[in-house]
Amino acid sequence: MILNSSLNSIAYSSTLPPDWPGGFWWHWLLFTVIIIVFALTLVMGFIWIERRGMGRMQARLGPNQAGPFGLLQPVADALKILLKEDIIPAKADRIVHWLAPVVAFAPALMIFAVVPFGDGAMLADLDIGILYVVAIASISAIGIFMAGWGSSNKYSMLGAMRGIASVVSYEIPVVLAIAGVVLVAGSMSLNQIVLAQDIPFILLQPLGFLLFFIGGCAEINRSPFDLMEADSELTAGFHTEYSGMKFAMFYLMEYAEAVAISAIIATLFLGGWRGPLLPPWLWFVLKVIFVFFIMVWTRTTLPRVRIDQLMALAWKFLFPLALINLIVTAIQILVWPDALPWILVPINLAIMALLILLWSKLFKLGWGRVEV
Amino acid sequence: MGLVVAFWILAVVGILGALGVVLLRNIFRASLCLVLCFLAVAGIYATLSADFLAGVQVLVYVGAIAVLIILAIMLTREVERGSLSNRLRIPAFLVAVLFLGVVSFAILNSLWSVSALPPLEPTTAALANRLFGEGGFILAVEIAAVLLLAAILGAIVLVREK
């Protein structure tokens, strides 16, 4: 009953029909082109933001020679990588080695199919939107595994195994954080979740946002969780043996996943395309860039964690907090079935602060020998 | 029309994947074929308007089970030559033939009744009501959860040091 009432409370008023601009195939063609252009442009933009922003934060210049402010640096990098020789190790499993970049990259692009760029402006408004995202995202782990195995290189293999360990562990708090959002929104469709955000969910679900952000960074192996390509230990991790076009695919995949996670965070927690004055798609892009900027910021601020710290953080810190967050959210939904009131914003912030303080007291590594 | 084409593509891919699992010597490649088979099954669910089931199929089978299978394969030896046949070859063959016979018999003798009703949309809310709502399968869901918990605890106890 609660589910039904919260479903009815969201007035469905999509300005764009599901087959805009007329016809299934035109819709498909238009949005496929939009998604590819959006993803590739933002990947280039993100590479530029990351290199220049990181340079700025580390008190150096960063690439500033190619084009104005070094804006053409990603283009120069891409050209350089594409012209390099494609080397396959003699003992490699050739088919697996060749397929791995494709299997890893395709899911990253497929995620954007359900991300709304405006009210109803998306390739497919699936009912199971966010479940689709989680499911598709889990496929790229197989691509990384194939790369690690197919290279027949111990560093690739170790990197891939670390990657799998982190992806499998961090998926649990991420999914539980998403479950909190789905409870509040009363739908799994990303467009409906955006429409339900009269109060952005970062305020109603601050703990969920934090869990999702940390878990998301770990799942796409961004620093401080980039253990599977920890240069000092594993040379370049799973893509040690890749060069040329195939390496470019992995590089592209890493940033496409960063775009995807930023887009999902913007949609789930920051109100997606909603915002005053500016057109919806611009709001959306601005929010995505903002989230990515926070990711760069954490990357430059925090040192890389150790593998046991990575596992302990997932299982002993994020997982219990995610469970508590889900229970607290469920209770709030039971008390206020129609819509959550503003008064919950300070309460939830206080709950988050209290839980994090409490758990950081309890959180111990290595049977208490190394306290964090 | 589109659904028929999709079904045949998915069916062929799924059966080829399943054959690959059985026939390939390299067990790493065999496990990748298993992933392909799981994905084809998820596609068939999607064509049958079971979108939630399709999503869960990909999430659980491809994202978790296949990954764990591959991880287990990494820890075995002789990955490229696969499992060599041993003296259980003939008993295994007999059991497989028996299983095939039982499954074929069951398939051929079932009444495959087709509902005339249009498929339910959206499925998620209805599914949740059946599972957790009144008169639903809440007891079965909880028994499954307890069983899984017991299995996890058992596994931990078995592999624990000391």
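Just so it is clear, the values below take in all heavy atoms, side chains as well, and ignore hydrogens, waters and symmetry mates. The model shown is predicted, which means the values in this text are computed figures rather than measured ones. The sequence lines fix the lettering, A, B, ..., with proteins before strands; numbering per chain opens at 1.
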For this session: Please examine the side chains of A:Ile128 and B:Thr124, heavy atoms only from C-beta on, and report whether any two atoms are closer than 4.5 Å.
Result: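 Counting from C-beta outward, B:Thr124 and A:Ile128 do come under 4.5 Å.
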Expected list for residues 130-139 of chain A: side-chain donor-acceptor pairs under 3.5 angstrom, two or more places apart:
from, atom 1, to, atom 2, distance (Å)
A:Tyr132, OH, A:Met110, O, 3.1
A:Ser138, OG, A:Ala135, O, 2.6

Exercise. Where does A:Met146 contact chain B at under 4.5 Å (heavy atoms): side chain, backbone, both or neither?
Worked result: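 Both backbone and side chain.
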Problem set entry | Close approach to chain A in residues 48-72 of chain B, criterion heavy atom under 4.5 Å | B:Asp51, B:Phe52, B:Gly55, B:Val56, B:Val58, B:Leu59, B:Val62, B:Gly63, B:Ala66, B:Val67, B:Ile70, B:Leu71
Exercise. Do other residues, nucleotides or ligands put more than 12 heavy atoms under 6.0 Å from the CG atom of B:Leu19?
Worked result: yes
Exercise. Any chance CD1 of B:Ile90 has more than 12 other-residue heavy atoms, nucleotides or ligands included, within less than 6.0 Å?
Worked result: no
Problem set entry | Winner by heavy-atom pair count (cut-off under 4.5 Å) against chain B, out of A:Val96, A:Val103, A:Leu99 |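 Among the listed options, the one with the most contacts to chain B is A:Val96.
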Problem set entry | Most chain B-contacting option - heavy-atom pairs closer than 4.5 Å, from A:Val167, A:Asp127, A:Leu126, A:Val175 |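 Most heavy-atom pairs under 4.5 Å with chain B: A:Asp127.
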For this session: Apply side chain to side chain contact (heavy atoms under 4.5 Å, CB included) to A:Ile142 and B:Leu32, showing your working.
Result: CA-CA 8 Å; A:Ile142 300 217; B:Leu32 293 181; 4.0 Å; yes
